[in-house]
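Throughout, a chain's letter reflects where its sequence line sits, starting with A, and its residues are numbered from 1. Every value quoted in this text rests on a predicted model; they were computed, and no experiment measured them.
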Protein chains: 2
Amino acid sequence: MTFSADQRANIDRYWSTIESSAEIGKGRTGGLSRLTLTDDDRRMRDLFVNWCREAGLSVEIDELGNIFGRREGRDPTLAPVMIGSHLDTQINGGRFDGIAGVLAGLEVVRSLNDCGHVTKRPIVIVDWTNEEGARFSPPMVASGCFVGAYEVDWVKQLVSDDGARFGDELHRIGYDGHKPCKAGDIDAYFELHIEQGPILDLEKRDVGVVTGGYPSYGMRVRFNGRTAHTGPTPMDLRHNALIAGARWLTAVDDIGWDFAVGDGKATGARLAAWPNKPGILSDTAQAICDVRHPDPATARVMAEKMRRAVFESAARAGCEAEIEDEWFWGGDIFDGEMVGQIRAEAKRMNYNWRDIQSQAGHDAYFLARHCPTAMIFTPCKGGITHNNEESCDPSDLAPGLNVLLHSVVARADR
Amino acid sequence: MTFSADQRANIDRYWSTIESSAEIGKGRTGGLSRLTLTDDDRRMRDLFVNWCREAGLSVEIDELGNIFGRREGRDPTLAPVMIGSHLDTQINGGRFDGIAGVLAGLEVVRSLNDCGHVTKRPIVIVDWTNEEGARFSPPMVASGCFVGAYEVDWVKQLVSDDGARFGDELHRIGYDGHKPCKAGDIDAYFELHIEQGPILDLEKRDVGVVTGGYPSYGMRVRFNGRTAHTGPTPMDLRHNALIAGARWLTAVDDIGWDFAVGDGKATGARLAAWPNKPGILSDTAQAICDVRHPDPATARVMAEKMRRAVFESAARAGCEAEIEDEWFWGGDIFDGEMVGQIRAEAKRMNYNWRDIQSQAGHDAYFLARHCPTAMIFTPCKGGITHNNEESCDPSDLAPGLNVLLHSVVARADR
């Protein structure tokens with residue numbers, strides 16, 4: 001059996017692999033709560049490493065716990081084709097977000113094993129650490145570090161809400177590898193992901209060909225105030241950091257509504273104040289917001305308004321504000337040739353496809369800074385995600401998986 | 001030596017007792033973080049019980065951990081005069097709030113012991129459990145239960161942020177006493193307290209004669225939304241409970257500013273959302289706000305606006321709102337005769353005094369529902385409180401302490 005244009009991935013095997021993953025770190029009914037660098041994350045990693053070895057891959061772990069499984073090519077000196085995503089989830093996450101992408105990489109390898117086809121270039125499948133940023137903010141630090149956007153030491157000193165250090169937790173679960181977290185030559189990076197939006201499902205599309213991402217700006221802000229009694233302290237002598245934060249989140253939400261018609265979005269995602277208790281005004285508050293818009297210029301306008309609102313909100317509450325971290329991702333970042341090839345494979349297999357922009361952040365955004373990169377989206381029910389109700393059928397995933405398989409092989413054989 | 005009009009409390013002894021208390025449960029520099037029913041609270045209680053016994057008092061603990069130290073009167077059948085306040089603090093609290101009042105009661109007893117004066121009525125000094133409400137919301141539950149405003153079982157099932165049950169913690173620290181938490185006949189209840197506002201300090205007054213409290217309305221609200229991804233979810237499909245909460249806190253703060261000229265205040269004190277993480281919209285949020293105004297009718301208007309804002313904020317964020325708890329305190333509640341007597345003692349001792357309204361909640365508010373009640377305020381630096389910078393000198397406390405001593409004896413001897 002050789003690899004032919006009619007070859008299809010084994011969707012049953014792929015599905016049962018996803019189901020095995022969904023047994024580890026169960027959250028609310030149907031969902032997963034598999035935060036990065038927890039015991040559940042370790043169990044999932046162990047299982048994934050096993051699967052890789054069973055598939056004949058050589059496994060390497062880098063300094064930030066990224067797991068690489070390499071299938072050698074006919075010419076090992078050539079830059080590999082890489083397929084990746086993440087196995088960690090949100091605290092109230094689903095069983096497909098990220099996971100579907102990593103395990104699609106595994107299924108590509110298994111399918112090639114089935115037919116004994118060895119590609120010209122090596123194929124490397126990757127699990128990126130902490131894509132979600134749900135335990136250690138910001139998200140996508142490990143793929144970011146891989147392409148030089150962050151320093152290893154900076155990532156290792158990140159502290160979670162529960163007071164744990166990234167580096168300590170990585171060591172604790174035994175995934176602080178020796179390989180430097182630094183990208184070498186990569187021929188192409190592919191990432192399959194559920195859409196996390198409603199468009200493909202609504203339009204009954206089989207596959208989304210991702211042309212880029214909504215330009216997205218985010219920031220983490222600290223508001224500094226001063227504790228005082230809630231009763232006697234006059235309004236104009238208050239420095240309630242909680243109110244500074246609440247005002248900022250409200251202002252950012254207003255920005256979202258102002259630009260909603262053009263599909264702009266703005267999110268107040270986090271507000272954590274201290275002491276945050278009845279009877280006392282809060283000393284400090286940390287808040288995280290972001291804005292997104294398909295049009296880059298409009299996204300910039302929204303970001304500027306979000307930034308101005310930081311200082312207006314702080315001033316209104318008699319507090320100081322400090323922008324602790326800022327990020328940007330998205331735009332027209334994917335490789336035209338790869339996107340064209342994905343489109344061609346979808347057409348050839350008679351799938352109902354469309355071009356689409358990603359609205360969420362992905363590791364692929366960072367990889368695109370380093371090498372030709374593209375993404376393939378699969379539908380998910382109602383676009384619901386970061387929720388235990390996130391749901392796909394095998395038939396939602398099979399077309400994207402087959403497009404991935406053929407796109408990867410075409411790239412790896414050239 | 002007998003008790004005479006010239007008798008004064010021993011301010012040095014009182015001060016050193018306050019300093020001993022300030023060694024237990026230290027918070028940030030200078031302050032205390034002695035949350036109710038913690039190990040530090042137990043250590044403070046043990047010390048207080050010791051002090052009571054050394055002063056010859058018989059000690060009883062009731063079902064909610066309220067500690068009563070009784071000095072018998074010449075006629076033990078008469079209703080006692082009671083002096084109380086609380087030994088717990090805010091998480092970032094000071095060393096005087098509440099503590100000055102309980103230990104003033106102790107100093108009254110010690111001063112009477114010094115001169116061997118036995119009053120006609122018994123004198124009972126009290127430490128009320130969980131006045132602050134900083135660990136178990138709402139505040140003042142144990143004095144509230146004492147006068148029949150709450151049920152013992154309801155109080156015992158309150159759960160703290162750290163997941164502990166009130167009843168379990170009470171048992172753990174060994175202060176679940178056998179005495180029913182139910183007020184008997186009480187002739188009068190006195191409470192000395194630092195002002196927790198700037199007026200006495202600004203006007204260089206020695207003593208505040210408290211005539212009542214700012215009518216205060218508070219509520220605890222739960223907002224219910226639904227998790228989803230912060231990226232692709234369109235604004236009008238969002239149910240971000242964190243935004244519902246942020247909008248409510250912002251609206252309540254606006255109410256405070258609208259009524260600030262008449263000395264109205266409105267506070268967003270707490271907002272705790274889940275998951276409250278970047279990348280995900282929050283499922284639930286709990287928020288606590290209150291409003292206060294010296295004029296009862298205006299306070300009611302503010303409360304009504306606060307209530308309306310609950311549902312407007314929830315609707316704006318696509319969430320449901322549920323008012324979990326509501327409270328009211330304050331008004332013109334103190335006993336005219338007792339207030340007159342406190343005023344007369346302050347005059348007689350040539351202190352620079354003024355009438356004043358309390359803006360904070362106090363156990364005395366609940367006691368006033370049951371028996372004649374009055375409060376004495378002492379100045380504190382800049383009115384700063386619920387802050388580690390809360391500060392008093394012995395000279396700030398001595399006048400109030402002496403007024404308390406003579407007012408109590410006058411009452412207990414009649």
Side-chain angles (χ1 to χ4, degrees), chain A residues 90-92 132-134 137-139 195-198 214 216 218 226-236 240 242-243 245-247 249-250 253 256-257 260 263 265-273 275-281 283 288 290 292 317 358-361 383-387, chain B residues 90-92 132-134 137-139 195-198 214 216 218 226-236 240 242-243 245-247 249-250 253 256-257 260 263 265-273 275-281 283 288 290 292 317 358-361 383-387:
Chain A
Q90 287 280 334
I91 196 166
N92 188 31
E132 292 291 2
S137 175
E195 180 198 341
Q196 305 188 284
Y214 276 38
S216 303
R226 186 170 161 190
T227 64
H229 196 295
T230 55
T233 314
M235 293 305 291
D236 53 358
N240 187 350
L242 175 60
I243 289 297
R247 286 192 172 277
L249 266 66
T250 300
D253 194 58
W257 285 100
D263 207 27
K265 282 127 191 177
T267 305
R270 174 173 166 84
L271 177 57
N276 200 32
K277 298 275 189 193
I280 188 163
L281 307 180
D283 210 25
I288 296 177
D290 61 51
R292 298 164 206 236
S358 171
Q359 301 187 54
I384 294 167
T385 185
H386 287 198
N387 187 304
Chain B
Q90 287 281 334
I91 195 166
N92 188 29
E132 293 290 1
S137 176
E195 180 199 341
Q196 304 189 284
Y214 275 39
S216 304
R226 184 170 163 192
T227 63
H229 196 295
T230 54
T233 314
M235 293 305 292
D236 54 357
N240 187 350
L242 175 60
I243 289 297
R247 286 191 171 277
L249 265 66
T250 300
D253 194 58
W257 285 100
D263 207 27
K265 280 127 193 175
T267 304
R270 176 175 164 83
L271 177 57
N276 200 33
K277 298 276 188 193
I280 189 164
L281 306 179
D283 209 27
I288 297 177
D290 61 50
R292 299 164 205 236
S358 172
Q359 302 187 53
I384 294 169
T385 185
H386 286 197
N387 187 304

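Note: A/Pro232 leads A/Ser358, A/Gly133, A/Pro232 in heavy-atom pairs under 4.5 Å with chain B. Per-residue counts of heavy-atom pairs under 4.5 Å with chain B were compared for A/Gly218, A/Pro139, A/Gly279; the largest is that of A/Gly279. Highest contact tally toward chain B, considering only A/Ala228, A/Pro275, A/Ala260, is held by A/Ala228 [criterion: heavy-atom pairs under 4.5 Å]. Put simply, of A/Ala266, A/Gly245, A/Pro198, the one with the most heavy-atom pairs under 4.5 Å next to chain B is A/Ala266.
In this structure, the side chains of B/Leu281 and A/His386 stay at 4.5 Å or more apart for every pair of heavy atoms. Residues A/Asn276 and B/Arg270 meet the side-chain proximity criterion, which asks for heavy atoms closer than 4.5 Å.
B/Asp283 touches chain A through its side chain: at least one heavy atom from C-beta onward sits under 4.5 Å away, while N, CA, C and O do not. The parts of A/Asn92 that come within reach of chain B are both its backbone and its side chain, each placing non-hydrogen atoms under 4.5 angstrom from that chain. For chain A, no part of B/Ala273 is nearby; none of its heavy atoms comes within less than 4.5 Å. At a 4.5 Å heavy-atom cutoff, the contact between B/Gln90 and chain A is made by side-chain atoms alone.
Pairing each heavy atom of B/Trp257 with each of A/Arg247, the nearest pair is CD1-NH2, 4.3 Å.
Partners of A/Ser137 by side chain to side chain contact (heavy atoms under 4.5 Å, CB included), not counting sequence neighbours, listed by chain and number: A/Arg220, A/Ile288, B/Pro278.
A side-chain N or O of B/Thr250 and one of A/Thr250 form a donor-acceptor pair less than 3.5 Å apart.
B/Thr233 contributes atom OG1, which lies 9.0 Å from atom CD1 of A/Ile384 (distance to the nearest 0.5 angstrom). Taken from CD in B/Glu132 to NZ in A/Lys277, the straight-line distance is 11.5 Å, to the nearest 0.5 Å.
Counting only distance, with no hydrogens or angles, the side chain of B/Asn240 and the backbone of A/Thr267 share no donor-acceptor pair below 3.5 Å.
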